[in-house]
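A note on names: the letters A, B, ... follow the listed sequences, proteins ahead of strands, and every chain is numbered from 1.
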Amino acid sequence: MLDLKRLRRDVELVKKELKKRGGDYDHQLEEFANVDAERRSILSSVEALKHERNVVSDAIARMKKAKENAADQIEKMRAVSQKIKEMDGLLSEKEEAIHNILMSLPNVPHSSVPEGNDSADNPVLKTVGSVPDFDFQPLDHWTIGEQLGILDFKRAARMSGARFALYFGQGAQLERALINFMLDIQTGHGYREVLPPFIVNRTAMTATGQLPKFEEDLFKLEGLDYFLIPTAEVPVTNIHQGEILDEEDLPLYYAAHTACFRSEAGSYGKDTRGLIRQHQFNKVEIVKFTTPETSYDELEKLLKDAETVLERLEIPYQVITLCSGDLGFSAAKTYDIEGWMPGQGAYREISSCSNFEDFQARRAGIRFRKKGRKGTRLVHTLNGSGLAVGRTVVALLENYQQADGTVVIPDALRPYMGGAERIVSIDEVLS
RNA sequence: GGAGAGAUGGCCGAGUCGGCUGAAGGCGCUCGCCUGCUAAGCGAGUGUGGGGGGAAACUUCCACCGAGGGUUCGAAUCCCUCUCUCUCCGCCA
């Protein structure tokens, strides 16, 4: 949610900045200005009436105490109260209209965000590691996984449908190993581990910006106002919903492993095979609550924290800055980390690190105060994947595949895999 | 699932028959005083959101005592609905 006062002050500037996103918000912003003016005019008259009511009610109390007759005053106030009730009704209509507009406006891109229309315009910030050179034709991960017997999409489809996977043996172990590996790295960076609920209510989803606009992307529990989380960002950011934090406690760092659930509505035909785009996947998420002054420094650090995982796994990757047209609804600035996936012959998103500034904090009511000082300010919230586990499995299988069909386990991960040096066929393990 | 109790400011906690209670008291915090240091003591201040005024310090008005409705001239106090918390019984990983 954008700052109401800022919209009042510089509607034209906000119009210009939102235009960079590509959508057209002029109409909504103009309607905002109109309704807001109406609201304020109603507000001042209804407040005057309320003031009168307060004063006269007080007088009535004194008259009654003095055993005087207050019938005239009471009669007069009956009419005033009626009027107040009518105007209050009108006022809340205006307020709701303003709220609806505010909730549907995306965040303003940060000044450092490059302008562009879509993902084709995202500049590459840096490239790390060199793409592996195979002396055989590298396979895609679903072929590798199925040949080894560690991934099974057919049976998963039988019980759940498309976009679900079964992991077996060292495949399941690999997923679990990566989760622990990532959590250990991030807690080592100072993040506090947290295991949040995977189901949240509408308020929480609205606070982080998934609602009201993107309900079709979510899995909703039938007949209940509960949703499966699409990312740990939702429950973790909502840890401090409605709280006033002490400035000296900031920044706060959290790391959480959760399953994530996405309906993937509108992505039919995209990445239909393999682990890239699943309805359910694991992710380790890192989340920060900071002061406004430090949030962009913290974003750079958060990005580095996410990168560490790929560095330690020795998987080549690049970092891109999302251009204004490709930015998510709530984000002011986003970096994507893309891991090299030989089976796809492309860099694919494996982490997304964003600064939301006060956009989520305003919706969620997360503020901070300097001890002893009066007044509160909104915190800045940030988060990033550290990393998407399923996609890391993809990168790992495809980058570390061998001519004989086995997959070498990177050194850093071996302690988490019971010391194993490679992933071999399940049949081989059994024989 | 059945029965009962509760939800007040950063925290604890009082609010009688509805009327100077935005809210006693305490803790915490800030500033000042005092004291070799620390601690203790003394004095003052200390909620949030919104509208108006002011360059600002600040000031004025409105709202807020879990959320939403209702009764009333007037509600933290009365009524209804919902949410959450706690206790007991049942069931259960």
Peer 1: With RNA chain B as reference, determine whether A:Val56 or A:Ala61 sits nearer its 5' end, using the nearest nucleotide of each.
Peer 2: A:Ala61
Peer 1: Between A:Asn201 (CG) and B:C82 (P), how many Å, whole number?
Peer 2: 18 Å
Peer 1: For A:Lys76, answer base if it contacts any base atom (sugar-phosphate contacts may also be present), sugar-phosphate if it contacts only those atoms, and nothing otherwise; contact means non-hydrogen atoms under 4.0 Å.
Peer 2: nothing
Peer 1: Hey, does A:Arg367 reach any base, or is it just sugar-phosphate, or nothing, if we go heavy atoms under 4.0 Å?
Peer 2: sugar-phosphate
Peer 1: Considering only the P atoms, how many Å lie between B:A23 and B:A63, rounded to the nearest integer?
Peer 2: 14 Å
Peer 1: With rounding to whole Å, what would you report as the distance between B:G45 and B:U35 at their P atoms?
Peer 2: 24 Å
Peer 1: Side chain of A:Glu47: nearest nucleotide among B:C61, B:G10, B:C73?
Peer 2: B:C61
Peer 1: Would you say B:U71 has OP1 or OP2 under 4.0 Å from some side-chain N or O of A:Lys85?
Peer 2: yes
Peer 1: With the side chain counted from C-beta on, respond yes when A:Thr392 and A:Met182 share a heavy-atom pair under 4.5 Å apart, and no when they do not.
Peer 2: yes
Peer 1: Whole-Å distance between B:C61 P and A:Ile42 CD1?
Peer 2: 23 Å
Peer 1: Now, which nucleotide makes the Watson-Crick or G-U wobble pair with B:C42, with each of the two distances under 3.5 Å?
Peer 2: B:G32
Peer 1: Between A:Val46 and A:Leu4, who's closer to the 5' end of RNA chain B by nearest nucleotide?
Peer 2: A:Leu4
Peer 1: Nearest of B:U71, B:G50, B:C73 to any side-chain atom of A:Arg53?
Peer 2: B:C73
Peer 1: Tell me, with the steps shown, if A:Arg377 and A:Glu247 meet salt bridge (charged side-chain N to carboxylate O under 4.0 Å, His left out).
Peer 2: CA-CA 10 Å; A:Arg377 300 167 66 199; A:Glu247 180 166 1; 5.4 Å; no
Peer 1: Given the P atoms of B:G50 and B:A57, what is the spacing between them in whole Å?
Peer 2: 16 Å
Peer 1: Whole angstrom is fine here: how far is it from CZ in A:Phe368 over to P in B:G10?
Peer 2: 16 Å
Peer 1: Provide the distance between the two C1' atoms, one in B:G53 and one in B:C17, to the nearest whole Å.
Peer 2: 42 Å
Peer 1: Strictly below 4.0 Å: does A:Arg369 bring a side-chain N or O up to OP1 or OP2 of B:U48?
Peer 2: yes
Peer 1: Which nucleotide, in any strand shown, forms a Watson-Crick or G-U wobble pair with B:A63, with both distances under 3.5 Å?
Peer 2: B:U48
Peer 1: Of the nucleotides B:G49, B:G52, B:C73, which one has an atom closest to the side chain of A:Arg40?
Peer 2: B:G52
Peer 1: From the set B:G50, B:G47, B:A63, return the single nucleotide nearest to any side-chain atom of A:Arg39.
Peer 2: B:G50
Peer 1: Among B:G47, B:C61, B:G50, which is the nearest nucleotide to the side chain of A:Arg8?
Peer 2: B:G50
Peer 1: What is the distance, rounded to the nearest whole Å, between atom CE of A:Met1 and atom C1' of B:G50?
Peer 2: 13 Å
Peer 1: Classify A:Ser81 by what it touches in the nucleic acid, base, sugar-phosphate, or nothing, heavy-atom distance under 4.0 Å.
Peer 2: sugar-phosphate
Peer 1: In whole angstrom, give me the gap between the P atoms of B:G68 and B:U77.
Peer 2: 13 Å
Peer 1: Watson-Crick or G-U wobble partner for B:U71, using a 3.5 Å limit on both distances?
Peer 2: none
Peer 1: Walk me through it: do A:Arg348 and A:Glu398 pass the test salt bridge (charged side-chain N to carboxylate O under 4.0 Å, His left out)?
Peer 2: CA-CA 12 Å; A:Arg348 298 296 309 264; A:Glu398 294 187 0; over 6 Å; no
Peer 1: Determine the interplanar angle of the A:Tyr416 and A:Phe181 rings, folded into 0 to 90°, and report it as parallel if under 30°, tilted if 30 to 60°, perpendicular if over 60°.
Peer 2: perpendicular
Peer 1: How are the rings of A:Phe329 and A:Phe214 set to each other: parallel, tilted or perpendicular (split at 30° and 60°)?
Peer 2: perpendicular
Peer 1: Taking only the side-chain heavy atoms of A:Lys64 (C-beta and beyond), determine which of B:C62, B:G19, B:U48 contains the nearest atom.
Peer 2: B:G19
Peer 1: Let's test this: given Watson-Crick or G-U wobble pairing with both distances under 3.5 Å, identify the partner of B:C20.
Peer 2: none
Peer 1: B:G49 C1' sits how many Å from A:Glu95 CD, rounded?
Peer 2: 11 Å
Peer 1: Quick check for you: among B:G50, B:C61, B:C73, whose closest atom lies nearest to any side-chain atom of A:Ile60?
Peer 2: B:C73
Peer 1: Whole angstroms only, please: what is the CZ-C1' distance between A:Arg202 and B:A67?
Peer 2: 16 Å
Peer 1: Looking at A:Phe219 versus A:Phe261, is the centre-to-centre ring distance below 6.0 Å?
Peer 2: no
Peer 1: What is the nucleic acid contact for A:Asn54, judged by heavy atoms within less than 4.0 Å: base, sugar-phosphate only, or nothing?
Peer 2: sugar-phosphate
Peer 1: Are A:Ser45 and B:C62 close enough that a side-chain N or O sits under 4.0 Å from OP1 or OP2?
Peer 2: no
Peer 1: Within this structure, what is the CG-to-C1' distance between A:Asp246 and B:G28, rounded to whole angstrom?
Peer 2: 11 Å
Peer 1: Determine which nucleotide pairs with B:A56, using a 3.5 Å limit on both distances of a Watson-Crick or G-U wobble pair.
Peer 2: none
Peer 1: Distance check, C1' atoms only: B:C29 and B:C37, in whole angstrom units.
Peer 2: 23 Å
Peer 1: Distance check: side-chain N/O of A:His51 vs OP1/OP2 of B:C61, anything under 4.0 Å?
Peer 2: no
Peer 1: One pair to check against salt bridge (charged side-chain N to carboxylate O under 4.0 Å, His left out): A:Asp88 and A:Lys85. What are the steps and the verdict?
Peer 2: CA-CA 5 Å; A:Asp88 265 342; A:Lys85 195 174 272 183; over 6 Å; no
Peer 1: Nearest whole Å is fine: how far is B:G50 P from A:Asp3 CG?
Peer 2: 9 Å
Peer 1: Suppose you measure atom P in B:G32 against the same atom in B:G26; what distance do you get, rounded to whole Å?
Peer 2: 23 Å
Peer 1: Name the closest nucleotide to the A:Lys5 side chain, picking from B:U71, B:G50, B:G74.
Peer 2: B:G50
Peer 1: Mind checking who B:A3 pairs with, Watson-Crick or G-U wobble, both distances under 3.5 Å?
Peer 2: B:U87
Peer 1: Would one find more than 12 heavy atoms of other residues, nucleotides or ligands at under 6.0 Å from atom CZ of A:Arg422?
Peer 2: yes
Peer 1: So what's B:C11 paired with, Watson-Crick or G-U wobble, going by both distances under 3.5 Å?
Peer 2: B:G26
Peer 1: Give me the distance, rounded to whole Å, that separates B:G13 from B:C65 when you measure between the C1' atoms they each carry.
Peer 2: 13 Å
Peer 1: Can A:Tyr253 and A:Asp305 be said to form a side chain to side chain donor-acceptor pair (under 3.5 Å), step by step?
Peer 2: CA-CA 12 Å; A:Tyr253 287 18; A:Asp305 292 339; 5.7 Å; no
